[in-house]
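First the structure, in the form of C-alpha coordinates, and then the observations on it.
All values below were derived from every heavy atom in this structure, side-chain atoms included, with hydrogens, water molecules and symmetry-related copies excluded.
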Amino acid sequence: MVEKFVGTWKMISSENFDEYMKALGVGFATRQVGNRTKPNFVLSLDEQGTICMKSQSTFKTTEVKFKLNEPFDETTADDRKTRTVVTLENGKLLQKQSWDGKETCIERDISDGKLIARCVMGEVIAVRTYVKEA
(Lines give C-alpha, C1' and ligand atoms only; values in the text may rest on other atoms or scores of the structure.)
Protein backbone atom coordinates (compact mmCIF):
# COMPACT_ATOMS: atom_id res chain seq x y z
CA MET A 1 0.00 0.00 0.00
CA VAL A 2 3.03 2.31 0.24
CA GLU A 3 3.18 2.23 -3.58
CA LYS A 4 0.57 4.99 -3.95
CA PHE A 5 3.01 7.39 -2.23
CA VAL A 6 5.93 6.58 -4.55
CA GLY A 7 7.00 9.47 -6.77
CA THR A 8 8.08 13.09 -6.72
CA TRP A 9 5.57 15.49 -5.18
CA LYS A 10 5.69 19.29 -5.59
CA MET A 11 4.33 21.47 -2.78
CA ILE A 12 1.45 23.71 -3.85
CA SER A 13 0.29 25.02 -0.46
CA SER A 14 1.30 25.21 3.18
CA GLU A 15 -1.08 26.29 5.95
CA ASN A 16 -0.18 27.10 9.58
CA PHE A 17 3.40 25.82 9.17
CA ASP A 18 4.91 28.73 11.14
CA GLU A 19 2.74 27.85 14.16
CA TYR A 20 3.72 24.18 13.81
CA MET A 21 7.42 25.06 13.74
CA LYS A 22 6.93 27.29 16.82
CA ALA A 23 5.28 24.36 18.62
CA LEU A 24 8.31 22.20 17.74
CA GLY A 25 10.61 24.83 19.27
CA VAL A 26 12.17 25.98 15.98
CA GLY A 27 13.94 29.37 16.24
CA PHE A 28 12.91 32.53 14.39
CA ALA A 29 15.61 32.51 11.67
CA THR A 30 15.02 28.85 10.75
CA ARG A 31 11.24 29.45 10.70
CA GLN A 32 11.69 32.34 8.25
CA VAL A 33 13.57 30.05 5.84
CA GLY A 34 11.12 27.18 6.47
CA ASN A 35 8.16 29.39 5.63
CA ARG A 36 9.67 30.49 2.31
CA THR A 37 10.86 27.04 1.26
CA LYS A 38 8.61 24.90 -0.92
CA PRO A 39 10.33 21.51 -0.87
CA ASN A 40 9.64 18.58 -3.16
CA PHE A 41 8.77 15.35 -1.34
CA VAL A 42 10.23 12.25 -2.97
CA LEU A 43 9.35 8.72 -1.87
CA SER A 44 10.87 5.57 -3.30
CA LEU A 45 10.69 1.89 -2.39
CA ASP A 46 13.31 -0.77 -3.12
CA GLU A 47 12.93 -4.53 -3.65
CA GLN A 48 13.74 -5.28 0.01
CA GLY A 49 10.89 -3.05 1.22
CA THR A 50 13.19 -0.21 2.33
CA ILE A 51 11.50 3.16 1.93
CA CYS A 52 13.47 6.30 1.11
CA MET A 53 11.85 9.68 1.86
CA LYS A 54 13.54 12.88 0.70
CA SER A 55 12.61 16.49 1.23
CA GLN A 56 14.41 18.50 -1.46
CA SER A 57 14.73 22.28 -1.64
CA THR A 58 17.31 24.88 -2.61
CA PHE A 59 17.84 25.50 1.13
CA LYS A 60 18.29 21.95 2.38
CA THR A 61 17.76 18.34 1.36
CA THR A 62 17.06 15.68 3.97
CA GLU A 63 16.77 11.95 3.41
CA VAL A 64 15.78 9.00 5.59
CA LYS A 65 15.74 5.29 4.76
CA PHE A 66 13.70 2.89 6.83
CA LYS A 67 11.35 -0.07 6.93
CA LEU A 68 7.77 0.25 8.13
CA ASN A 69 7.26 -0.36 11.87
CA GLU A 70 11.04 -0.31 12.59
CA PRO A 71 12.23 2.62 14.78
CA PHE A 72 15.25 4.58 13.49
CA ASP A 73 17.28 7.69 14.36
CA GLU A 74 16.47 10.78 12.29
CA THR A 75 18.01 14.24 12.08
CA THR A 76 15.23 16.56 10.93
CA ALA A 77 15.55 19.57 8.59
CA ASP A 78 15.53 21.82 11.70
CA ASP A 79 18.28 19.66 13.29
CA ARG A 80 16.21 17.85 15.91
CA LYS A 81 17.60 14.40 16.72
CA THR A 82 14.53 12.17 16.88
CA ARG A 83 13.63 8.53 17.34
CA THR A 84 11.20 7.96 14.50
CA VAL A 85 8.89 5.17 13.44
CA VAL A 86 6.78 5.12 10.28
CA THR A 87 3.66 2.98 10.09
CA LEU A 88 0.90 2.44 7.55
CA GLU A 89 -2.56 2.73 9.13
CA ASN A 90 -5.83 2.87 7.19
CA GLY A 91 -3.95 3.77 4.01
CA LYS A 92 -2.14 6.68 5.71
CA LEU A 93 1.61 6.89 6.22
CA LEU A 94 2.24 8.00 9.83
CA GLN A 95 5.68 9.34 10.77
CA LYS A 96 5.99 9.67 14.56
CA GLN A 97 9.03 11.58 15.83
CA SER A 98 10.02 11.55 19.52
CA TRP A 99 12.72 13.71 21.15
CA ASP A 100 13.33 15.26 24.59
CA GLY A 101 10.03 13.91 25.94
CA LYS A 102 8.07 15.45 23.03
CA GLU A 103 6.29 13.84 20.10
CA THR A 104 4.99 14.99 16.73
CA CYS A 105 3.27 13.08 13.95
CA ILE A 106 3.30 13.76 10.22
CA GLU A 107 0.32 12.01 8.66
CA ARG A 108 0.44 11.60 4.89
CA ASP A 109 -2.56 10.60 2.81
CA ILE A 110 -3.57 10.70 -0.86
CA SER A 111 -6.80 12.57 -1.56
CA ASP A 112 -8.11 13.53 -5.03
CA GLY A 113 -4.68 12.73 -6.50
CA LYS A 114 -2.91 15.08 -4.08
CA LEU A 115 -0.60 14.16 -1.21
CA ILE A 116 -1.83 15.82 1.98
CA ALA A 117 0.67 16.02 4.86
CA ARG A 118 -0.89 16.90 8.23
CA CYS A 119 1.79 17.91 10.73
CA VAL A 120 0.48 17.59 14.29
CA MET A 121 2.16 18.87 17.47
CA GLY A 122 -0.21 18.95 20.42
CA GLU A 123 -3.14 21.16 19.44
CA VAL A 124 -1.30 22.70 16.48
CA ILE A 125 -1.94 21.29 13.00
CA ALA A 126 -0.25 22.40 9.77
CA VAL A 127 -1.42 21.12 6.40
CA ARG A 128 0.93 20.92 3.42
CA THR A 129 -0.45 19.90 0.02
CA TYR A 130 1.55 18.39 -2.86
CA VAL A 131 0.78 17.37 -6.46
CA LYS A 132 2.59 14.56 -8.26
CA GLU A 133 5.09 15.59 -10.89
CA ALA A 134 4.73 13.92 -14.27
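Side-chain atoms of Glu70 never come within 3.5 Å of backbone atoms of Leu68 as a donor-acceptor pair (strictly under, hydrogens ignored). The closest donor-acceptor contact from the side chain of Ser55 to the backbone of Thr61 lies at 3.5 Å or more, if one exists at all.
Taken together through direct or relayed side-chain contacts under 4.5 Å among Ile, Leu, Val, Met, Phe, Trp and Tyr, Ile125 and Tyr20 form parts of separate hydrophobic clusters. One hydrophobic cluster holds both Leu45 and Ile110 under the rule that ILVMFWY side chains link at heavy-atom gaps under 4.5 Å. Side-chain heavy atoms closer than 4.5 Å link hydrophobic residues (I, L, V, M, F, W, Y) into clusters, and following such links, possibly through other members, connects Leu115 to Met1. Placement of Leu93 and Phe72 within a single hydrophobic cluster is found when ILVMFWY residues are connected by side-chain heavy-atom separations under 4.5 Å, directly or transitively. Both Val86 and Val64 belong to a common hydrophobic cluster when Ile, Leu, Val, Met, Phe, Trp and Tyr are linked at side-chain heavy-atom distances under 4.5 angstrom.
Shown here is Lys65, whose NZ atom has no more than 12 heavy atoms of other residues, nucleotides or ligands within 6.0 Å. Residue Lys114 qualifies as open at atom NZ: its count of foreign heavy atoms under 6.0 Å is 12 or below. Surrounding CG of Asp46 are more than 12 heavy atoms belonging to other residues, nucleotides or ligands, all under 6.0 Å away.
Between Arg128 and Gly34, the shortest heavy-atom contact is NH2-O, 4.0 Å. Taking both residues in full, the closest heavy atoms of Gly91 and Lys4 are given as O-NZ, 3.0 Å, listed atom of the first, atom of the second, then distance. The two residues Val6 and Lys132 come nearest to each other via the heavy atoms O-NZ, 2.8 Å. Closest approach of Met11 and Ser13 over heavy atoms only: CG-O, 3.6 Å. Closest heavy-atom contact between Thr37 and Val33: OG1-O, 2.7 Å. Ala77 approaches Thr62 most closely through the heavy-atom pair CA-CG2, 3.7 Å.
The line from CE of Met53 to CD of Glu74 is 6.5 Å long, rounded to the nearest 0.5 Å. Atom CZ of Arg108 is separated from atom CG of Leu88 by 12.5 Å, given to the nearest 0.5 angstrom. Going from atom CZ of Arg118 over to atom CD1 of Ile106 covers 12.5 Å, rounded to the nearest 0.5 Å. Summarising the geometry, atom CZ belonging to Phe59 is positioned 6.0 Å from atom OG1 belonging to Thr30; distances are rounded to the nearest 0.5 Å. Here the CD1-CG distance, from Ile51 to Leu43, works out to 6.0 Å after rounding to the nearest 0.5 Å. The line from OG1 of Thr8 to CG of Asn40 is 6.5 Å long, rounded to the nearest 0.5 Å.
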Walk me through whether Asp79 and Lys60 qualify under side chain to side chain contact (heavy atoms under 4.5 Å, CB included).
CA-CA 11 Å; Asp79 278 332; Lys60 192 170 206 171; 3.7 Å; yes
Between Arg83 and Asp73, does the side chain to side chain contact (heavy atoms under 4.5 Å, CB included) criterion hold? Intermediate values first, please.
CA-CA 5 Å; Arg83 190 72 177 151; Asp73 294 318; 3.1 Å; yes
Side chain to side chain contact (heavy atoms under 4.5 Å, CB included) assessment of Thr104 paired with Trp99:
CA-CA 9 Å; Thr104 185; Trp99 77 103; 3.8 Å; yes
How far apart are the C-alpha atoms of Gln97 and Thr82, what are their side-chain angles, what is the distance that settles it, and do they pass the side chain to side chain donor-acceptor pair (under 3.5 Å) test?
CA-CA 6 Å; Gln97 301 170 331; Thr82 67; 4.6 Å; no
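Between Val120 and Glu107 there is no side-chain heavy-atom pair separated by less than 4.5 Å.
Thr87 is linked by a side chain to side chain donor-acceptor pair (under 3.5 Å) to Glu89, counting only residues two or more places apart in sequence or in another chain.
In the model, Asp78 has a side-chain atom that pairs as donor or acceptor with a side-chain atom of Thr76 under 3.5 Å.
Looking at Lys102 and Asp100, no side-chain N of the basic residue comes within less than 4.0 Å of a carboxylate O on the acidic one, giving no salt bridge.
Between Phe41 and Tyr130, the ring-plane angle classifies as tilted under the 30° and 60° cut-offs.
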